[in-house]
Amino acid sequence: METAHTVAQALATARRRLTQAQQTPAEADGLLAHQLQRDRTYLIAHPEAELTPAQSADYAHLIAQRCAGTPVAYLTGRRAFRNLVLQVNSHTLIPRPETEHLVEQALQLGPANASVLEPGTGSGAIALALAHERPTWQITATDISLDALALAQQNAAHHRLTTVRFVHSDWFTALTGRYDLIISNPPYVATDDPHLTQGDLRYEPQIALVAGPDGLAAIRHLTHQAPTYLQPGGWLLLEHGATQGAACRTLLQQRGFNDIRTWQDLAGLDRLSGARFLHRTSSSSRLI
Ligand code: GLN
């Protein structure tokens with residue numbers, strides 16, 4: 001990138017580079033604000049502000065990485081999720097707006113003083129958002145990845161959210177006890193899904209995205225195991241792919257869940273399914 005001396009010049013050059021690389025030119029602003037540790041209004045108010053040669057060089061490097069495809073959230077190390085700004089890194093999925101909707105449903109379904117389990121917490125986004133918005137809930141969050149748990153714990157400490165307990169566990173293996181609500185955004189992308197070779201997904205951990213040939217391996221496991229860890233009448237709430245609503249409902253039904261529902265995301269696509277487990281002793285729900 002040619003040397004930029006002012007904010008306006010740096011932005012103009014970066015937008016041109018991003019456009020040439022088929023990225024979104026408006027990302028130039030957020031990345032420069034991050035680089036200068038200012039907010040965007042500073043950039044608008046001070047187009048003539050001079051960048052030091054070091055700042056120009058660092059910004060050029062940031063834009064080059066974005067042009068090559070590195071997700072913005074990994075470049076800034078941050079992503080907003082509901083009311084929190086979370087640290088993110090390449091050990092975890094980047095929190096998505098669709099998952100905010102999962103949190104929204106949990107807030108409505110969970111009883112007062114709920115005990116909640118979030119298997120596969122990644123950056124901690126779901127557990128920490130719930131802790132922030134329902135301070136009386138007792139929340140357990142697990143992950144198989146120690147790197148992910150370390151990040152989630154950093155996020156909890158940063159936001160002083162002390163009601164979340166973090167446990168190193170492969171789904172339920174390290175857990176005992178029963179919960180009022182089990183909530184998860186598990187991996188649900190099929191192994192050969194072409195989206196894995198596009199956009200941000202190329203940079204995110206496969207373990208957080210991919211779940212077997214039909215993308216349902218983790219959802220199948222969670223649906224099967226969850227009743228052992230649910231209080232009578234407790235809810236299981238899962239995020240899933242846009243074409244997986246019917247398959248999720250079938251899995252929940254086969255396992256003996258009740259009140260099975262699917263919710264759509266803001267794009268109108270099936271995105272969450274949930275159900276309650278009543279622990280009845282009938283032929284359709286085996287004793288556990
Ligand atoms: N919603 C993500 C995507 O396809 C996948 C997240 C997940 O597997 N949990 O972009």
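When a ligand or atom number is given, it counts from 1 through the structure's own listing order.
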Open item on the list: Please list the nearest protein heavy atom to atom 1 (N) of ligand 1 with its residue and the distance rounded to 0.1 Å.
Closed with: Tyr188 OH, 2.7 Å

TODO: Quick one: pull up CZ in Arg202 and CG in Leu209 and give me the separation to the nearest 0.5 Å.
DONE: 13.0 Å

Open item on the list: Between Arg96 and Asp265 (salt bridge meaning N to carboxylate O under 4.0 Å), is one present in this structure?
Closed with: no

TODO: Can you spot which of Arg66, Arg40, Arg17, Arg15 makes a salt bridge (Lys or Arg N to Asp or Glu O under 4.0 Å) with Glu27?
DONE: Arg66

TODO: Just jot down the ligand 1 atoms closer than 4.0 angstrom to any heavy atom of Pro186, in number order.
DONE: 7 (C), 8 (O), 9 (N)

- [ ] With the side chain counted from C-beta on, respond yes when Asn155 and Phe81 share a heavy-atom pair under 4.5 Å apart, and no when they do not.
- [x] no

- [ ] Could you tell me which atoms of ligand 1, counted from 1 in the order shown, lie closer than 4.0 angstrom to a heavy atom of Asn185?
- [x] 7 (C), 9 (N)

TODO: Consider ligand 1: state whether an atom of it lies below 4.0 angstrom from any non-hydrogen atom of Gly241.
DONE: no

Task: Pairwise side-chain contact, Leu266 with His101, heavy-atom cut-off 4.5 Å (strictly under) - done: no

- [ ] Measure the distance from atom 3 (C) of ligand 1 to every protein heavy atom, then report the residue, atom name and distance (to 0.1 Å) of the closest one.
- [x] Arg96 NH2, 3.5 Å

Open item on the list: So, 4.0 Å and heavy atoms of Ala211: is ligand 1 close enough to count as a contact?
Closed with: no

Open item on the list: Show the atoms of ligand 1 that are less than 4.0 angstrom away from any heavy atom in Pro187.
Closed with: 8 (O)

TODO: Give a yes or no on whether a salt bridge exists between Asp259 and Arg276, defined as a side-chain N under 4.0 angstrom from a carboxylate O.
DONE: yes

